[in-house]
Number of protein chains: 2
Amino acid sequence: MANIHEIARLAGVSVSTVSRVLNHHKYVSEEKRTAVLKVIEEMNYTPNRNAVDLIRGETKKIGVIIPYTNNQAFDQLLHGVLNRSVENDYAIMVLPTKYNPDKEIEHLFMLKNKLLDAIIITSRANPWENILPFTEYGSVISCEYTEHPEIGCSYMDRYAAYLEVFQLLKKMGHRNIAFTTARGTESVSTRQTIAAYEKVFGQFDPVYRQSDCFSFEDGMAAGQRLLGINPRPTAIYANGDEVAGGIYKYARSVGLSIPEDLAIIGQENQPVGVGLDISTLDHQLVKVGEQAFDLAMIKSKAKVETPYKMILRSSI
Amino acid sequence: MANIHEIARLAGVSVSTVSRVLNHHKYVSEEKRTAVLKVIEEMNYTPNRNAVDLIRGETKKIGVIIPYTNNQAFDQLLHGVLNRSVENDYAIMVLPTKYNPDKEIEHLFMLKNKLLDAIIITSRANPWENILPFTEYGSVISCEYTEHPEIGCSYMDRYAAYLEVFQLLKKMGHRNIAFTTARGTESVSTRQTIAAYEKVFGQFDPVYRQSDCFSFEDGMAAGQRLLGINPRPTAIYANGDEVAGGIYKYARSVGLSIPEDLAIIGQENQPVGVGLDISTLDHQLVKVGEQAFDLAMIKSKAKVETPYKMILRSSI
DNA sequence: TTGAAAGCGCTAACAC
DNA sequence: GTGTTAGCGCTTTCAA
């Protein structure tokens, strides 16, 4: 395809003039501008963005590191990021990791090799010390709070939210409470859930926690295991509404009434929770994602918290 | 940051030798290779991908045009694409359109400006004649069947699926059937639904169709309107399980029994449908997405159909 | 207001 | 095996 030189030649001007027209610089005579535009039109010319990005050292592209893409929570975050990217003419690259630390680092290299201006980490597999070096090459934004001053954060106060849920359950008289988590204690959110539990109820018996919960099916399995424990939990706090839905479904299938025999509360306010009337802790992840994009775009290292919202329905 | 020239200088070799090492060419002496690798390591050097992409004219990046990202059907397609992209070391760019034709064209320009090797269109706002010109610059894959030989297709036979649903409902004795759609008759899928209906039941009364349905809430509203029609439909075919869930919820809220008073069937086999035990027509969109990626990667123009799956539950 | 020319950082054809 | 060099297509001083 034609390049800028050919356009210049055909329009009888220099390449710099064509470049000026392309970038809407002033100080181009109306006459030459028209001539250039005409040739561009005729030749059906579009500048090569790789060349532009190469010389500018900036790409208007932002990456989003996401462990799982078939997961409602991460999809909400991504959705928020995309909302703002469209408004600001940025392109978004999705970087799935399945929590593989090497894959994650591989993605971070896109900062170093100039493919991306910034990366938003919705959830990470690596310790911060492995991630920090990359802040030298571009903006790194986290959707989890961290003290590190090089990292901008758009986050929700998970611990406070967990605390409120456990306090509520305690107030309602529950004493045997189980919960599900996505990952094990390598995950901050799991540790915070346990900490919040222990703050309210004291020492936690690990048998009442089921990890590796992501989907409806995982919820069914979790329900089966957790409800088999003696003494049986009277309430289960799920790490997502789909998981909560699976627990609900399993509990009903073995004849338990919700909330009389089992109270259930989920997270993220998903359709399945609306459908089954399950209470939920809405972390407002779309907003968190939007905020994360804004921080990434202006390369801010600010720490911005988004408040959570408790939505009570008939399941507790 | 250091560039290839500096690495060459420091290693006491030429840039081509460094390039050869970088690209794992043979014909590099073990001695020089080691020297180069050592300097690369010391200097913490990473090649600039913009320069590489520029000269190669290929980027190992594929775009996915997606109207809505908070929509389960499109997320499934995207999920499939991402599955395969990870395995094949491609980067995926998400291109949201909200069915804005101009935005869509803007995204397609990423083919022309060399940012993307291929684009997968999950659903489009433009007529094919506006899209076809871009096939000159890269591979364009559609998730909807089209005759155009320049367009590769990974699709499901929507019409056959719709037909089967309506035939099933007819066999079950339903005569007043309503359905929901995402868009109006500008959409192929809407037109196919209507055509399938008319094939089975004859002339369709448009009042029994509700468009603009994407979410659970949309389903609630659709339920309210459609169930207010006289004569009341005895079955509703929703264009997604979340919409179906909303209809279910509304129907129950006004005292209707499912399936005695109202049969409901959804699409895409989503968690909310599992939770509410709603029958569904699973188009296997994850598979369709995976297939679309494969076609895009090898620049194939093949037409590949993925079979649908009917999942019967208690809602009909 | 315009153009020449020096890069941006890399690959690959060609010569040795 | 290795180095020289001519680009890839663009932006941006600098001088005119």
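So you know, we letter chains A, B, ... as the sequences are listed, proteins then strands, and number each from 1.
Between A:S29 and C:dT1 there is no side-chain polar atom (N or O) within less than 4.0 angstrom of OP1 or OP2. Look at A:N23 and you'll find a side-chain N or O under 4.0 angstrom from OP1 or OP2 of D:dT11. Within the structure, a side-chain polar atom (N or O) of B:Y45 is placed less than 4.0 Å from OP1 or OP2 of C:dC10. Applying the 4.0 Å criterion to OP1 and OP2 of D:dC8, one finds that B:K114 has every side-chain N and O outside that range. One finds a side-chain N or O of B:T17 lying less than 4.0 angstrom from the OP1 or OP2 phosphate oxygen of D:dG3. OP1 or OP2 of C:dT11 sits under 4.0 Å from a side-chain N or O of B:S19. At C:dG9, one or more side-chain N or O atoms of B:N3 fall inside 4.0 Å of OP1 or OP2 (strictly under the cut-off).
In terms of polar N and O atoms assigned as donor or acceptor, the side chain of B:R49 never comes within less than 3.5 Å of the base of C:dG9 in a complementary pairing.
In this entry the distance linking NE2 of A:H25 with P of C:dT2 reads 14 Å, nearest Å. Summarising the geometry, the separation between CZ on B:R56 and C1' on D:dG9 is reported as 17 Å, rounded to the nearest angstrom. In this entry the distance linking CD1 of B:I4 with P of C:dG7 reads 18 Å, nearest Å. The OH-C1' distance, from B:Y27 to C:dA15, rounds to 17 Å in whole Å. With rounding to whole Å, A:E58 atom CD is found 13 Å from D:dT11 atom P. Look at CG on A:L54: it is 14 Å from C1' on D:dT12, rounded to the nearest Å. Rounded to whole Å, atom C1' of C:dT11 lies 4 Å from atom CD1 of B:I55. Separating the CD1 atom of A:I7 from the C1' atom of D:dT11 is a distance of 16 Å, rounded to the nearest angstrom.
Checked by atom type, the side-chain pair B:K112/A:T46 shows a donor-acceptor distance below 3.5 Å.
Aromatic ring pairs are classed by plane angle as parallel below 30°, tilted from 30° to 60° and perpendicular above 60°; the pair B:F214 and B:Y68 is tilted.
Between B:K38 and B:E41 there is no salt bridge, since no side-chain nitrogen of the basic residue lies less than 4.0 Å from a carboxylate oxygen of the acidic one. Ion pairing between a basic and an acidic side chain is recognised when a charged N comes within 4.0 Å of a carboxylate O; B:E106 and B:K103 show such pairing. Using a 4.0 Å cut-off between charged side-chain N and carboxylate O, B:K60 and B:D89 make no salt bridge.
Place B:A51 and B:V15 on DNA chain D by their nearest nucleotides, and B:V15 ends up nearer the 5' end.
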